[in-house]
Amino acid sequence: MQLNRWNYYSGFVVYPAVILILSALALRAAPDVEWWRCASLLVVGVIAWTLAEYCLHRFVLHHVARIRDLHEAHHRDPQALIGLPTVVGAPVSFILLFAPLWWIGGVALACSLTAGFLLGYAWYLVVHHLLHHRPARKGSLFFALKRRHALHHHVTAEGNFGVTSGIWDRLFRTDIQTHRNAARKRAGTKLVAQ
Ligand SMILES: [Zn+2]
Ligand SMILES: [Zn+2]
């Protein structure tokens, strides 16, 4: 969805603020000795986000009618301020994630996991923005991420769905490099066999 500057950049402030509030609430709710449990759940939340990022991009943004049209607008114009408005994303994450987790496991679990998930999401917002708005130094990790995402934009939209990480693409064999290497290997094997 095309956003105005205020709506687009508000996510860079609102989500970190929510993460800090949730982390403070989790630590207050947990007994002193269990801070490490909150920290572990936060890490689990971040990992859960990377999987959600992959699945949402692969199965929702590229395949659900209307949402696909909005995402294609980003593919056509990567530098346009397109995204999910914070006024929609934040309440949705509370309804679909925080509330059920609170009901299942209590306030410390809900706050820790949601904080981790939103930390992953906030990191995604920053990384995806920089990928399209900042140059990268050749050989850097950022250059590798930028290249991965550029392949998704310009070579085939059926691969490299992970933006902040390529782990799930490699695991589910949608890594564009993997496809190419496999094709090269197959071609090489054929040549050797001939
Ligand atoms: Zn992009
Ligand atoms: Zn895409």
Side-chain angles (χ1 to χ4, degrees), residues 1-5 7-9 11-12 15 43-86 88-89 92-93 96-97 116-194:
M1 186 181 296
Q2 179 75 43
L3 305 174
N4 61 35
R5 292 177 77 81
N7 217 340
Y8 181 81
Y9 288 107
F12 295 76
Y15 288 111
V43 173
V44 171
V46 173
I47 295 168
W49 161 258
T50 63
L51 179 60
E53 174 192 294
Y54 175 89
C55 293
L56 287 170
H57 193 179
R58 181 175 180 181
F59 301 111
V60 178
L61 296 186
H62 278 281
H63 291 285
V64 176
R66 289 180 68 90
I67 294 176
R68 185 181 54 212
D69 298 341
L70 296 172
H71 186 63
E72 278 174 2
H74 166 65
H75 271 252
R76 281 194 303 275
D77 185 1
Q79 293 198 318
L81 302 183
I82 291 171
L84 182 69
T86 310
V88 176
V92 165
S93 62
L96 296 183
L97 192 68
F117 194 84
L118 291 181
L119 183 61
Y121 179 59
W123 179 240
Y124 157 81
L125 288 180
V126 171
V127 170
H128 189 234
H129 176 80
L130 294 177
L131 289 177
H132 289 302
H133 292 87
R134 288 282 181 275
R137 193 167 40 82
K138 208 170 178 184
S140 66
L141 178 64
F142 181 56
F143 182 86
L145 280 179
K146 197 173 169 84
R147 186 174 178 278
R148 265 184 56 76
H149 195 57
L151 289 172
H152 171 75
H153 268 267
H154 305 297
V155 174
T156 170
E158 288 305 312
N160 286 9
F161 297 105
V163 174
T164 56
S165 152
I167 290 170
W168 300 108
D169 279 294
R170 282 194 282 278
L171 203 66
F172 298 125
R173 302 189 63 75
T174 52
D175 189 279
I176 293 171
Q177 294 291 338
T178 304
H179 284 322
R180 286 186 165 179
N181 290 344
R184 253 188 233 134
K185 263 186 202 163
R186 277 198 298 275
T189 311
K190 266 185 194 168
L191 282 173
V192 170
Q194 278 168 2

[X] side chain to [Y] backbone, donor-acceptor under 3.5 Å:
X    : Y    : result
Q79  : H133 : no
K146 : H132 : no
W49  : F117 : no
N160 : I176 : yes
H149 : V163 : no

Find out whether [X] and [Y] are in side-chain contact, i.e. whether some heavy atom of one side chain is under 4.5 Å from a heavy atom of the other.
X    : Y    : answer
L145 : V127 : yes
F172 : Y54  : yes
L61  : I67  : yes

So, taking the atom named OG in S165 and the one named CZ in R170, what distance separates them when rounded to the nearest 0.5 Å?
7.0 Å
If you measure from CG on N7 to CG on L81, what distance do you get to the nearest 0.5 Å?
10.0 Å
Verdict with supporting geometry, R148 and D169, salt bridge (Lys or Arg N to Asp or Glu O under 4.0 Å)
CA-CA 11 Å; R148 265 184 56 76; D169 279 294; 2.8 Å; yes
Using side-chain contact (heavy atoms from CB on, under 4.5 Å), reason through H57 and H62 one step at a time and then give a plain yes or no.
CA-CA 6 Å; H57 193 179; H62 278 281; 3.2 Å; yes
Can you say whether the rings of [X] and [Y] are parallel (under 30°), tilted (30 to 60°) or perpendicular (over 60°)?
X    : Y    : answer
H128 : H153 : parallel
H71  : H152 : tilted
Y121 : Y15  : perpendicular
Y8   : H129 : tilted

For a quick check under 3.5 Å, do [X] and [Y] share a side-chain donor-acceptor pair by atom type?
X    : Y    : answer
T174 : E158 : no
H75  : H154 : no
T50  : Y124 : no

Looking only at non-hydrogen atoms, find the nearest pair between [X] and [Y] and report the distance.
X    : Y    : answer
L3   : P85  : CD2-CG, 3.7 Å
A157 : F161 : O-CE2, 3.2 Å
P135 : F142 : O-CE2, 3.6 Å

Heavy-atom count around L130 CG within 6.0 Å, excluding the residue itself: above 12?
yes
